[in-house]
Chemist: 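Can you read through this structure? Questions will come right after.
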Amino acid sequence: MNPSGARTRVKICGITRPEDAVAAAAAGADAIGLVFYPASPRAVSIEQAAAICAALPPFVSRVALFANAASAEIRTVLEQLPIDLLQFHGEETAAECDRYGHAYIKVARVQPGFDLDLFNCRYPGACGILADTYQSGVQGGTGATFDWSLLPQQRRKPLILAGGLNAANVAAAIRQVRPYGVDVSGGVEADKGIKDAARITEFIHEVDNVER
Ligand SMILES: O=C(O)c1ccccc1NCC(=O)[C@H](O)[C@H](O)COP(=O)(O)O
């Protein structure tokens with residue numbers, strides 16, 4: 001349960017195969033992430049993403065991730081796919097994130113000195129902030145945790161915690177950070193971009209059974 005009394009939401013990110021999307025939904029995931037960042041080992045084409053979206057049952061959100069992508073590319077994805085939420089992983093400004101008139105979350109890559117309040121103020125149009133690990137030259141999917149004490153307990157917007165989460169550490173992360181939701185990629189994989197259904201189930205079991 002998160003502070004509002006609702007369960008902690010789960011997003012399984014970096015889905016590249018329809019069967020992994022189906023496994024995530026069956027395990028109780030609230031959202032899946034599709035990476036439109038060509039340099040990522042988890043990048044998907046529009047065709048792959050369309051097959052993944054088509055395989056999903058109702059009430060599982062489809063999140064499209066970009067990192068400093070050209071606006072034409074983002075518009076094409078929005079025109080061709082049933083995307084519920086955008087996720088911006090790069091150095092996009094608020095104006096750049098707002099220009100699609102589509103709901104989005106902005107990623108903060110957290111390092112010492114990070115100020116969540118200031119970050120929230122910079123992105124008033126974001127419906128949530130996803131806090132991920134800062135690593136020089138890497139836009140996301142680092143597989144590394146960060147110092148969760150850098151996040152304040154009082155927040156202006158829903159906070160999604162990411163970065164190196166797995167079944168062994170997610171309960172502790174939720175107890176300490178009390179996020180709205182958690183996001184995982186590498187921690188539920190058999191290989192880059194290939195999810196492991198048993199690890200997804202175990203991860204969501206941990207989230208749903210955490211005692212705070
Ligand atoms: O996954 C990637 O390769 C990636 C590349 C560039 C931008 C974002 C990327 N993934 C984004 C995610 O949402 C991941 O779930 C998040 O960074 C956490 O990843 P992990 O530490 O592996 O759980």
Side-chain angles (χ1 to χ4, degrees), residues 8-17 20-21 23-24 27 29-45 48-49 52 60-70 73-74 77 83-92 96-97 103-111 114 119 126-148 150-151 158-174 177 179-196 199-200 202-204 206-207:
T8 304
R9 307 319 203 263
V10 178
K11 170 165 158 271
I12 306 293
C13 202
I15 297 277
T16 65
R17 309 186 304 171
D20 292 347
D30 300 280
I32 59 110
L34 301 163
V35 177
F36 293 97
Y37 178 64
S40 168
R42 304 174 179 110
V44 287
S45 64
Q48 265 176 294
I52 293 165
V60 181
S61 298
R62 294 151 293 214
V63 183
L65 277 73
F66 299 91
N68 302 322
E73 191 196 333
I74 298 173
V77 166
I83 296 301
D84 299 293
L85 202 59
L86 296 171
Q87 179 172 325
F88 292 106
H89 259 266
E91 285 73 40
E92 299 87 358
E96 285 166 343
C97 296
Y104 71 88
I105 51 182
K106 181 71 187 84
V107 176
R109 293 159 64 212
V110 179
Q111 56 184 318
F114 175 69
F119 196 86
C127 62
I129 302 296
L130 185 147
D132 199 355
T133 305
Y134 174 84
Q135 223 173 67
S136 176
V138 183
Q139 296 289 1
T142 62
T145 56
F146 62 91
D147 178 0
W148 301 323
L150 292 165
L151 299 171
L159 179 79
I160 299 122
L161 181 66
L165 296 178
N166 54 49
N169 66 11
V170 72
I174 291 171
V177 176
Y180 169 83
V182 290
D183 177 302
V184 62
S185 186
V188 293
E189 284 181 339
D191 205 347
K192 296 250 185 219
I194 307 298
K195 299 310 190 220
D196 179 318
R199 286 186 202 178
I200 293 175
E202 194 188 358
F203 184 86
I204 295 180
E206 286 296 316
V207 173

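This structure is a prediction, so every number in the text was calculated from the model and none was measured. Atoms within a ligand are numbered from 1 in the order they appear, just like the ligands themselves.
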Chemist: If you measure from CD on Gln139 to CG on Leu65, what distance do you get to the nearest 0.5 Å?
Modeler: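 The CG atom of Leu65 is 11.0 Å from CD of Gln139, to the nearest 0.5 Å.
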Chemist: State yes or no: are the ring centers of Phe146 and Tyr134 separated by less than 6.0 Å?
Modeler: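 That pair fails the under 6.0 Å test.
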Chemist: List of N/O pairs, ligand 1 versus protein, all under 3.5 Å?
Modeler:
| from | atom 1 | to | atom 2 | distance (Å) |
| --- | --- | --- | --- | --- |
| ligand 1 | 1 (O) | Arg42 | NH1 | 2.8 |
| ligand 1 | 3 (O) | Ser40 | OG | 2.6 |
| ligand 1 | 3 (O) | Arg42 | NH1 | 3.2 |
| ligand 1 | 13 (O) | Gln87 | NE2 | 3.4 |
| ligand 1 | 15 (O) | Asp183 | OD1 | 2.6 |
| ligand 1 | 17 (O) | Asp132 | OD2 | 2.4 |
| ligand 1 | 17 (O) | Gly141 | N | 2.8 |
| ligand 1 | 21 (O) | Gly143 | N | 2.9 |
| ligand 1 | 21 (O) | Gly164 | N | 2.8 |
| ligand 1 | 22 (O) | Gly186 | N | 2.9 |
| ligand 1 | 23 (O) | Ser185 | N | 3.0 |

Chemist: Taking the side chain as C-beta and beyond, is there a heavy-atom pair between Phe36 and Ile74 under 4.5 Å?
Modeler: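 Counting from C-beta outward, Phe36 and Ile74 never come under 4.5 Å.
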Chemist: Please list, chain by chain and in numerical order, all residues satisfying salt bridge (charged side-chain N to carboxylate O under 4.0 Å, His left out) with Asp147, sequence neighbours excluded.
Modeler: none
Chemist: Is any side-chain heavy atom of Ile200 closer than 4.5 Å to a side-chain heavy atom of Ile12?
Modeler: yes
Chemist: Find the distance between CG (Leu161) and CG (Leu130) and round it off to the nearest 0.5 Å.
Modeler: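 Rounded to the nearest 0.5 Å, the CG-CG separation comes out at 8.0 Å.
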